[in-house]
Amino acid sequence: MIWIEILSKHRDVAGRFRVDAAEIHIGRGYDNHVILDDPYVAARHVRIFRDAEGRLVAEDLGSANGLYLGASKSRKPQLVLDGAEPIRIGQTLLRVRDAAHAVEPERLAGSERGALPIIAAIVLGAVLLAINAILVWFGQTSEPRASDYLVPTLTMIGVVVAWVGVWALLSRLFSGRAHFLRHLLIAEAGLVAFWIYSELAQVASFALTWTTIFTYGYAVAWIVLATICFLHLREVGRTHMVVKGIVVGVLLVVAIAVQTLQRSEAFANSGRPNVTHVLMPPSLRLAPVRSEQAFIDDVARLKAKLDADRAELKPAVEP
Amino acid sequence: MRALWRSAIIVALCSVGAPGLASSAAAQGLPGAETVYASAPPRLLQIRTLLADAGRQTSTGSGFLVSADGLAITNYHVVSDAALEPKTYRLEYTGADGTQGAVTLLAVDLPNDLALVRVDKQEAPFFAFDKAALDGTLPKGERLYSLGNPLDLGFTIIEGTYNGLVEHSYNDHIHFTGALNPGMSGGPAVNAQGQVVGVNVATRRGGQLISFLVPARFAAALLARGREAKPAAGDLRKDVIAQLASWRGALYKSLAEEGFRDRVFGSYQAPETRSAWFECWASTNAGASPKPRASINATSCKAEASVYVASDLNTGVVEVNHSYAKSIDLNQFQFATVLTQLAQPRLTMGGSFRKWYTPQHCHEDFVGVTPAAEHPPLRVMWCAQGYREFDGLYDIALVAVTQDRADEALVSRLNLQAIAYDDALRIGKSFLERLQVAR
């Protein structure tokens, strides 16, 4: 007993025929076991039989358009079939499987999946809302208003749901399953990672006087975005991972390069470094206080930088 | 009201109806604006800046002859385009008597906003300087007449009064109560005998008839100094830069010499300058609505010491600013947000930034001044930018925030424009040393 499966372009099974014959003929004509309504297929296109070792073999019966393996471009008179890679005749993909073909083990049903991802999604969501609320609270220096909390919270929820919804839709289209929960986890983890970074950067810029940490904050934002996009793409389909990785990597490099250029041009234009001088409660200070003379020596060294800029920027002396 | 109208009309009738009496009135010491103006036309000029290529005027000002061989005084800001960009701009004059001709720039006095020019006139009548004005003994209330060509509408004479020198100003300026208008800059302000007391220079926006004159002694000094000058192309630009640097050097030297005095702000004491040319104002947010959650009391002392360098560059502000902030019901993170907003260093930005300044560089750190018992630990930010064309001059913004308490802090700010870097280091250092815990 042999099964002939007609596959779609995305290799989903579009039709399946059971044939109990020693030799199977496939073509457009009505004297075949399997009839294909493909104008690029010959009336009698290919025959499938078992060779001396019992393997299934496909043989071209002298068609004009020939016989190919999968997406390969080289025409073959004969092919040994393994049941995994389909053959192509005309514009039709066919997969031939023996009744003894081994299938994947049974998957566990959703209800038996662990509760862990759900708990993780809820915990991450709560962490996000909490961070958001704390930031709003710390930034509130005048009359407290409920809308100060509600607007950013609802905006964030809306954006996350829309983002996850788009990815879930893509998943549903390309892999048949939405995986909403997994996409939600990815998005939440990305946001938490970015927020933790930006808050730590603020604390470090004050407590350790690492002020330059802000300068590259945008690169971190892009890296986080690229990482979650890659993980989303992985959930959409686990094929072509290398291609997806390269595409995301190239987009990441382009984005960082463009923004670096834009920032350096903006700096040249406005002359203002993109730095906020953040102050925090004095108890968070980690760096030791420097002596006054050491500080004056430090700022005296800025003069060399300013003079170097001046030498570079000074308009040429007119002859 | 009717009586007032009648008297105004009588005055007008008299002056129109009896022109022959004017000279005799002058002789009797009772001259009016008419007599003063009568002798002015051959000595009074409109000075126009023209685009060299197009031959059209881009701005106008006034000027006046001070010697028989065609030397005239005007404001630096009237001729600055021609001084800085001699290839793009040239100068011309139109006399109040209708004569016209070219103007050669001889010398400038940047700090006092004066320029000496030569016009092609020989054996022309000219204005003499008032002796009392040169000596500074002019009495307040003396009647002055300011001459010029406002808004290119035609030569006018304006009556006003001398009100002494402006207080809280580094450069000497005469306070003239009269209506100066754009275009009159560089024109003379004369006494009833037609002798020059000052040179029209500026008005105060938002004031009523508050105008300023450059005292005549600076014009006399420029005349003595520049009479023989024959500047080559480009020399004046270099001279402007050199004058700016030496004037700023003297100003900051005087600031350092006069020193600081301590003033208490809450739990801290901070330096305030002793220089008389600073004007100080206090502000508070106590009455703000909605009710503030941190009280902020600020004192800001600003020196009126900025100078016109070019049409898009005024520089030279010196500012000392202390804001004492105390939390009312904010937690320490919220209070830190308030301090962050108060403590951002501010340097000139935007507009003509690219033309005049180099990019800004900042450094910040925690600083502890010894002995630690008297000085709170500080978070200090120092931002600096240089002037592209003025070697050795920088703008500095220094901000220090006390770090000893979570619910109160003093944010002290020192802005020094157009200063030599070493002067800034010295003044900045003594400023930081004077930020102390109140005894």
Side-chain angles (χ1 to χ4, degrees), chain A residues 134-135 137-145 202 205-209 211 264 267-273 275-315 317-319, chain B residues 87 234 290-294 330-341 343-345 347 349-350 353-354 357-370 372 377-382 384-389 391 394 399 401 403-406 409 421-422 425 428-429 432-433:
Chain A
I134 289 175
L135 289 183
W137 185 44
F138 283 177
Q140 210 159 44
T141 57
S142 64
E143 248 180 344
R145 279 188 302 257
Q202 290 221 5
S205 84
F206 173 78
L208 299 165
T209 63
T211 47
S264 82
F267 177 58
N269 243 336
S270 73
R272 193 174 177 204
V275 169
T276 315
H277 303 271
V278 181
L279 292 171
M280 299 239 156
S283 51
L284 292 184
R285 169 165 68 83
L286 295 173
V289 289
R290 287 172 67 75
S291 76
E292 192 199 10
Q293 191 54 49
F295 178 80
I296 293 291
D297 291 345
D298 284 343
V299 299
R301 274 192 281 279
L302 287 185
K303 182 171 187 280
K305 284 190 198 171
L306 294 164
D307 289 344
D309 286 347
R310 166 154 41 209
E312 194 185 318
L313 294 169
K314 202 169 182 174
V317 179
E318 290 175 35
Chain B
K87 287 188 175 158
K291 205 171 167 304
R293 298 178 65 194
L330 294 177
N331 68 34
Q332 43 180 300
F333 284 93
Q334 293 169 329
F335 186 63
T337 306
V338 172
L339 294 181
T340 303
Q341 290 159 2
Q344 295 305 308
L347 287 173
M349 285 177 299
F353 175 86
R354 244 188 129 156
Y357 298 97
T358 66
Q360 175 179 333
H361 287 284
C362 291
H363 180 74
E364 64 183 295
D365 213 334
F366 294 101
V367 175
V369 183
T370 49
L378 302 169
R379 173 77 167 191
V380 185
M381 295 154 229
W382 173 287
Q385 64 194 16
Y387 287 82
R388 290 192 182 198
E389 296 179 52
D391 282 330
Y394 306 82
V399 180
V401 185
Q403 293 287 307
D404 56 338
R405 293 169 204 221
Y421 209 84
D422 289 341
L425 290 175
K429 188 165 186 282
L432 292 179
E433 280 163 8

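In this text the structure is predicted, and so the values were computed from the model without any measurement. Residue numbers start from 1 in every chain, and the chains themselves are labelled A, B, ... in the order their sequence lines are given, proteins ahead of strands.
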Intermediate values then yes/no, side-chain contact (heavy atoms from CB on, under 4.5 Å), Leu279(A) and Met381(B): CA-CA 11 Å; Leu279(A) 292 171; Met381(B) 295 154 229; 4.1 Å; yes
Stepwise side-chain contact (heavy atoms from CB on, under 4.5 Å) check, Tyr421(B) with Leu302(A): CA-CA 10 Å; Tyr421(B) 209 84; Leu302(A) 287 185; 3.4 Å; yes
Working for side-chain contact (heavy atoms from CB on, under 4.5 Å), residues Lys429(B) and Phe295(A): CA-CA 9 Å; Lys429(B) 188 165 186 282; Phe295(A) 178 80; over 6 Å; no
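Atom-to-atom distance recorded for Lys303(A):NZ and His361(B):NE2 is 13.5 Å, nearest 0.5 angstrom. Of the inter-residue distances, the one linking Asp365(B) atom CG with Thr209(A) atom OG1 reads 4.5 Å to the nearest 0.5 angstrom. Atoms CZ and CD, on Phe138(A) and Gln332(B) in that order, are 8.5 Å from each other to the nearest 0.5 Å.
Residue contact with chain A, scored on non-hydrogen atoms closer than 4.5 Å, involves the backbone and the side chain of Ala384(B) alike.
No side-chain donor-acceptor contact under 3.5 Å links Asp309(A) and Tyr357(B).
The shortest distance between side-chain heavy atoms of Leu313(A) and Pro359(B) falls below 4.5 Å.
With chain A as partner, the option from Val399(B), Asp391(B), Asn331(B), Asp422(B) having the largest number of non-hydrogen pairs under 4.5 angstrom is Asp391(B).
The side chain to side chain contact (heavy atoms under 4.5 Å, CB included) test with Phe333(B) singles out one residue from Leu284(A), Ile134(A), Leu135(A), and that residue is Leu284(A). With respect to Glu292(A), the side chain to side chain contact (heavy atoms under 4.5 Å, CB included) criterion is satisfied by exactly one of Thr370(B), Val367(B), Leu378(B), Val380(B): Val367(B).
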